[in-house]
Every structure is written in structure tokens, then in C-alpha cells.
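Following: one structure in C-alpha cells, then a few remarks.
Numbering of residues begins at 1 and proceeds along the displayed sequence.
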Amino acid sequence: MNAALSLPALKARGIELWAEGETLRYRAPAGTLTPDLLTAMKVHKPELLRTLKLESIAAEACVSLSGYITASQLIARLAPEDLTDLESMPKDSAVRFLRAFATACVWTDMRRQGIAPPGWTHAAHCDRCGPVYLWRTVRVAGCPWCRNRRDGQKIPRPPVTPK
């Protein structure tokens, strides 16, 4: 499938696609769908249907993360083998898998910006970074903030109480 047939490219041209079972439906402004484009859509119908199904599952997985990650951003971060695995999963399993992956992506992005992810409210101690916020109070030899420290990026610090 070429770039002109990608969902974002079609959407940019005002073409709306959706699936009804195994039928590919579309709505487009007059004159937008050329005979060549219609032929290409018919040829690549199975790929377009797979992409629409994946977009729908990814959108459902991203609902609780609205404002942090979109379905298309999530799909772009998947490896090709993940896409293959998702096609063979039942829908509820695919949504759970993508929701967990989306949460990990968002938390990683937050950490790289020096923001403690939700639930990371416990003062902990990393032997390399010193006092940090984690999901529980522990002492560790290395933590998720070590990359920020190594790269000279911000690490949110809990208040240190004097002994």
C-alpha cells in the first residue's frame, strides 16, 4: 500500500473511511475520489480494513489516556511483529495489550520530561540517583530515573527530611 492510501493521507483529502464488517465504506467531497484512487482502494481493501480495525482497537485503548497519546501515535510506536500478533488476538485481549503498552509509552514520555507518572508518589532511594519518586518506597541499585540522570535531564525529587 502506498503513502497516498494511508488513513492520514486520505483523511487529509477529506475522505472518510470506515468498515462495516468486511465492507469498506467511504464518504468524500465531490471530485476527490478519482478512478485511479478508487481502483487502488479496491486493490488494497484488505490492508485498509486491517488498518481501520487496528485504529479502532487503539482508539479504545487510548480512551483513558486522552490528551497524552492518540491511536495513531500508539500504532506508530508498535513493532511490526506486534501488529501481526494483534491481528490474531481477540479484541478484548488486543485492547488490554494496547492499553498497557500505551500506559508504558506515556509514563516513559513523562519520565523523559522529568515528570513523575501517576501513582509514583512514594519517596524511594536509588544508589545512583539518590532520592526519587517511585510507585513504592524501596532502596534500589538502579531506577527508571537513571536514564534522566545519565542524560542530564530533570528528576523530580521528594523532599529530604533531615535526620
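Taking 4.5 Å as the limit, some side-chain heavy atom of R139 sits within range of a side-chain heavy atom of D127. Side-chain contact between P118 and M110 is present, with at least one heavy-atom pair separated by less than 4.5 Å. Residues D109 and I69 have side chains not in contact (no heavy-atom distance under 4.5 Å, counting atoms from C-beta outward). By the 4.5 Å heavy-atom criterion applied to side chains, P156 and W145 are counted as neighbours. Within the 4.5 Å cutoff, side-chain heavy atoms of P117 are placed close to those of R111. At a threshold of 4.5 Å between non-hydrogen side-chain atoms, the residues L65 and L74 do not count as touching.
How far CZ of R77 is from SG of C105: 4.0 Å, rounded to the nearest 0.5 Å. Between Q153 atom CD and Q113 atom CD the span is 9.5 Å, to the nearest 0.5 Å. Rounded to the nearest 0.5 angstrom, E55 CD and I75 CD1 are separated by 4.0 Å. Atom OG1 of T34 is separated from atom CZ of R13 by 6.0 Å, given to the nearest 0.5 angstrom. In this structure, the separation between CD1 on I15 and CG on L33 is 4.5 Å, given to the nearest 0.5 Å. With values rounded to the nearest 0.5 angstrom, L54 atom CG is found 10.5 Å from D82 atom CG.
Residues V63 and L98 do not share a hydrophobic cluster, clusters being chains of Ile/Leu/Val/Met/Phe/Trp/Tyr side chains in contact below 4.5 Å. Taking hydrophobic clusters as Ile, Leu, Val, Met, Phe, Trp and Tyr residues chained together by side-chain heavy-atom distances below 4.5 Å, V106 shares a cluster with L78. Using a 4.5 Å cut-off between side-chain heavy atoms of Ile, Leu, Val, Met, Phe, Trp and Tyr, with links allowed through other members, M41 and L7 fall into the same hydrophobic cluster. Put simply, V43 and L48 are part of two different groups of oily side chains (I, L, V, M, F, W, Y) that touch within less than 4.5 Å, one to the next. Residues I115 and L134 are members of one and the same hydrophobic cluster, defined by side-chain heavy-atom contacts under 4.5 angstrom among Ile, Leu, Val, Met, Phe, Trp and Tyr.
Other residues, nucleotides and ligands contribute at most 12 non-hydrogen atoms within 6.0 Å of the CD atom of E22. Heavy atoms of other residues, nucleotides or ligands lying less than 6.0 angstrom from CZ of F97 number more than 12.
T51 contributes a side-chain N or O that, together with a main-chain N or O of E47, makes up a donor-acceptor pair within less than 3.5 Å.
Nearest approach of I57 to V95, heavy atoms of both residues: CG2-CG2, 3.8 Å. Taking all atoms of both residues into account, the shortest heavy-atom contact from A141 to C126 is O-SG, 4.1 Å. Considering all non-hydrogen atoms of both residues, R112 and R147 come closest at NH2-NH1, 2.9 Å. Residues Y133 and P158 share a closest heavy-atom pair of OH-CA, 3.3 Å. Summarising the geometry of A61 relative to S64, their closest heavy-atom pair is O-OG, 4.4 Å, with the distance given to 0.1 Å.
The only option from K91, R96, R99 that meets the salt bridge (charged side-chain N to carboxylate O under 4.0 Å, His left out) definition with E60 turns out to be K91.
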What verdict does the side chain to side chain contact (heavy atoms under 4.5 Å, CB included) test give for R157 and V132, after you've listed the backbone C-alpha separation in whole Å, the side-chain angles of each residue and the deciding distance to 0.1 Å? CA-CA 5 Å; R157 304 276 185 190; V132 294; 3.8 Å; yes
